[in-house]
Amino acid sequence: MMHNVLSLDTATYQQHELHGQDRIWVETNCYVDLWIELLHALGLPPQACAAFTLSIDFDDDQFTFFKFPLEDLRYVWGIEVSEMNPWMALDEHLEIQLSKGRLMTVEVDSWFLPDTAGVSYQMEHTKTTIGVQMIDRDARRLGYFHNQGYYEIDGSNYLGALRLVETGADQLTPYTELVKLDRVVRPAPDVIVERAENLVRQHLARRPRTSFIDRFRQQFSSDLDRLVSGGPDAFHKYAFATLRQLGAAAEFAASLTDWLEAKAPTSIPLDSSHLTHVASTAKSMQFKLARAAAGRPVDFEPLLDQLDSSWAAGINVLESRYGG
């Protein structure tokens, strides 16, 4: 028997504009991407909970792996998320929870996710997180949010992703979360904006007190030496942990800025261009980093200067309206 929380069809599903092909960073990270699409499928604008992008930092070996804070989802939409402790087969837990109208996020092996074709599907065992909203245990079918949209798997991919067979990969119990929707609220538009603005103030207050780009600059030269000797695999892992997180967070913050300006314009206008420039500069720097990792000389100082000044300018625009 099939159990689904939402009536979705992979053939007709329309992804959110935050995953449109005109984006600088079409994907962010697996957790943010699945929540963008999950909120979208629920009819809730993801931008209203995007203020967490304003408090990212550089943590000496990577930029913040930014994620929707669970307390922000609860505050704006009444969505309750808690960690689960699987003690049965994963598909048994999924069948029980989805039949009660609850979603689950599940850490799986992207080896079994065809939507990652050309990156990791049948190529590399890599953990990623999906948001499951449909299961049919008899037919071995699973419907899930991941990366840019909504997908289904079946057969051997179903068995492998849910660790129901020996896969040759890490067989430790995966991290799972229960997503309860029974207290979801849909406030009036002005209330949604008010809550989003309150989150902006909170995350601006939590932002780093020193320039994280300066701290990244100090670490970058030694990182580059490691990349030159580490080969393509080291480059991809490093780029994902640093420039992709920075660039994607900046672009999501720019989308938040545009959303606030459209929903609640004031005498202090918001301008997202500085944050968008951070996103595009980070992408340019990633391309140049690939050349540098191959041993070619590249001057990164102008790009680092642009990242620093543009991020500061983008935050100053928001502080001018919401305070710091």
Side-chain angles (χ1 to χ4, degrees), residues 2-50 52-53 66-68 72-73 76-79 81 94 98 101-106 108 110 112-121 128-136 139 141-154 157-158 161 179 181 184-189 192-193 196 244 247-263 272 276 279:
M2 184 179 76
H3 299 280
N4 60 304
V5 179
L6 304 167
S7 297
L8 300 177
D9 184 340
T10 57
T12 58
Y13 181 80
Q14 297 292 314
Q15 65 187 182
H16 193 271
E17 62 185 25
L18 292 173
H19 285 138
Q21 294 305 306
D22 60 337
R23 302 287 286 180
I24 300 168
W25 298 89
V26 178
E27 295 177 359
T28 58
N29 60 58
C30 61
Y31 198 77
V32 168
D33 285 333
L34 81 84
W35 271 104
I36 286 173
E37 294 302 330
L38 194 159
L39 290 170
H40 171 50
L42 291 170
L44 309 175
Q47 297 94 324
C49 284
F52 64 96
T53 56
F66 62 105
K67 302 170 70 173
F68 282 95
D72 291 7
L73 294 170
V76 178
W77 304 118
I79 297 173
V81 184
L94 286 163
L98 268 59
R102 306 174 191 126
L103 301 165
M104 281 181 60
T105 73
V106 182
V108 301
S110 60
F112 301 101
L113 302 183
D115 67 278
T116 68
V119 179
S120 53
Y121 178 60
T128 191
T129 302
I130 61 175
V132 181
Q133 81 87 28
M134 183 277 287
I135 190 168
D136 186 332
R141 291 176 56 217
L142 194 75
Y144 64 96
F145 298 101
H146 186 241
N147 287 344
Q148 302 174 43
Y150 177 71
Y151 309 96
E152 286 189 15
I153 51 174
D154 57 15
N157 287 328
Y158 171 98
V179 181
L181 304 175
V184 167
V185 293
R186 300 176 185 274
I192 297 173
V193 170
R244 176 163 158 179
E251 189 171 23
F252 199 4
S255 297
L256 164 65
T257 303
D258 289 336
W259 183 84
L260 289 169
E261 182 63 16
K263 298 294 182 181
S272 66
T276 300

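For clarity, every value in this text was computed on a predicted model and none was experimentally measured. In this chain, numbering begins with 1 at the start of the sequence shown. Any value given below was found using the heavy atoms of this structure, including those in side chains, with hydrogens, waters and symmetry copies removed.
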Participant: Which distance, rounded to the nearest 0.5 Å, do you find between the OH of Tyr13 and the NE2 of His40?
Facilitator: 4.5 Å

Participant: Taking side chain as C-beta onward, heavy atoms only, is Leu38 less than 4.5 Å from Thr105?
Facilitator: no

Participant: Rounded to the nearest 0.5 Å, what separation is found between the CG atom of Leu94 and the CG atom of Leu142?
Facilitator: 6.5 Å

Participant: Can you see which heavy atom on Ala279 is nearest to which on Trp25, and at what distance?
Facilitator: O-NE1, 3.0 Å

Participant: So, taking the atom named CG in Leu42 and the one named CD1 in Ile79, what distance separates them when rounded to the nearest 0.5 Å?
Facilitator: 6.0 Å

Participant: If we ignore angles and hydrogens, is there a donor and acceptor under 3.5 Å between the side chains of Thr257 and Ser272?
Facilitator: no

Participant: Just verifying a value: how many Å separate Leu34 CG and Tyr31 OH, rounded to the nearest 0.5 Å?
Facilitator: 7.0 Å

Participant: Could you tell me whether a side-chain N or O of Gln133 sits under 3.5 Å from a main-chain N or O of Leu103, the two making a donor and an acceptor?
Facilitator: no

Participant: Determine whether the aromatic ring centres of Phe68 and Phe52 lie less than 6.0 Å apart.
Facilitator: yes

Participant: Hey, what's the ring geometry for Tyr144 with Tyr151, parallel, tilted or perpendicular (30° and 60° as the breaks)?
Facilitator: tilted

Participant: Using distance alone, with no hydrogens and no angle criterion, decide if Tyr158 and Asp136 have a side-chain donor and acceptor under 3.5 Å apart.
Facilitator: no

Participant: Within the structure provided, determine whether Pro45 and Trp77 are in side-chain contact (heavy-atom separation under 4.5 Å).
Facilitator: yes

Participant: Would you check if the side chain of Asn4 reaches a backbone N or O of Ile135 as a donor-acceptor pair within less than 3.5 Å?
Facilitator: no

Participant: Using only heavy-atom distances, determine whether the side chains of Gln15 and Tyr150 contain a donor-acceptor pair under 3.5 Å.
Facilitator: no

Participant: Does the side chain of Asn157 come under 3.5 Å of the side chain of Tyr121 through a donor N or O and an acceptor N or O?
Facilitator: yes

Participant: Of the non-hydrogen atoms in Ser110 and Thr128, which two are nearest, and what is the gap between them?
Facilitator: CB-CG2, 3.9 Å

Participant: Pairing donors with acceptors under 3.5 angstrom, does anything connect the side chains of His19 and Glu37?
Facilitator: yes

Participant: Measure the spacing between CD1 of Ile24 and CD of Glu251 and express it to the nearest 0.5 Å.
Facilitator: 4.5 Å

Participant: Between Arg244 and Glu27, does the salt bridge (Lys or Arg N to Asp or Glu O under 4.0 Å) criterion hold? Intermediate values first, please.
Facilitator: CA-CA 9 Å; Arg244 176 163 158 179; Glu27 295 177 359; 3.7 Å; yes

Participant: In Å, rounded to the nearest 0.5 Å, how long is the span from SG of Cys49 to CZ of Phe252?
Facilitator: 8.5 Å

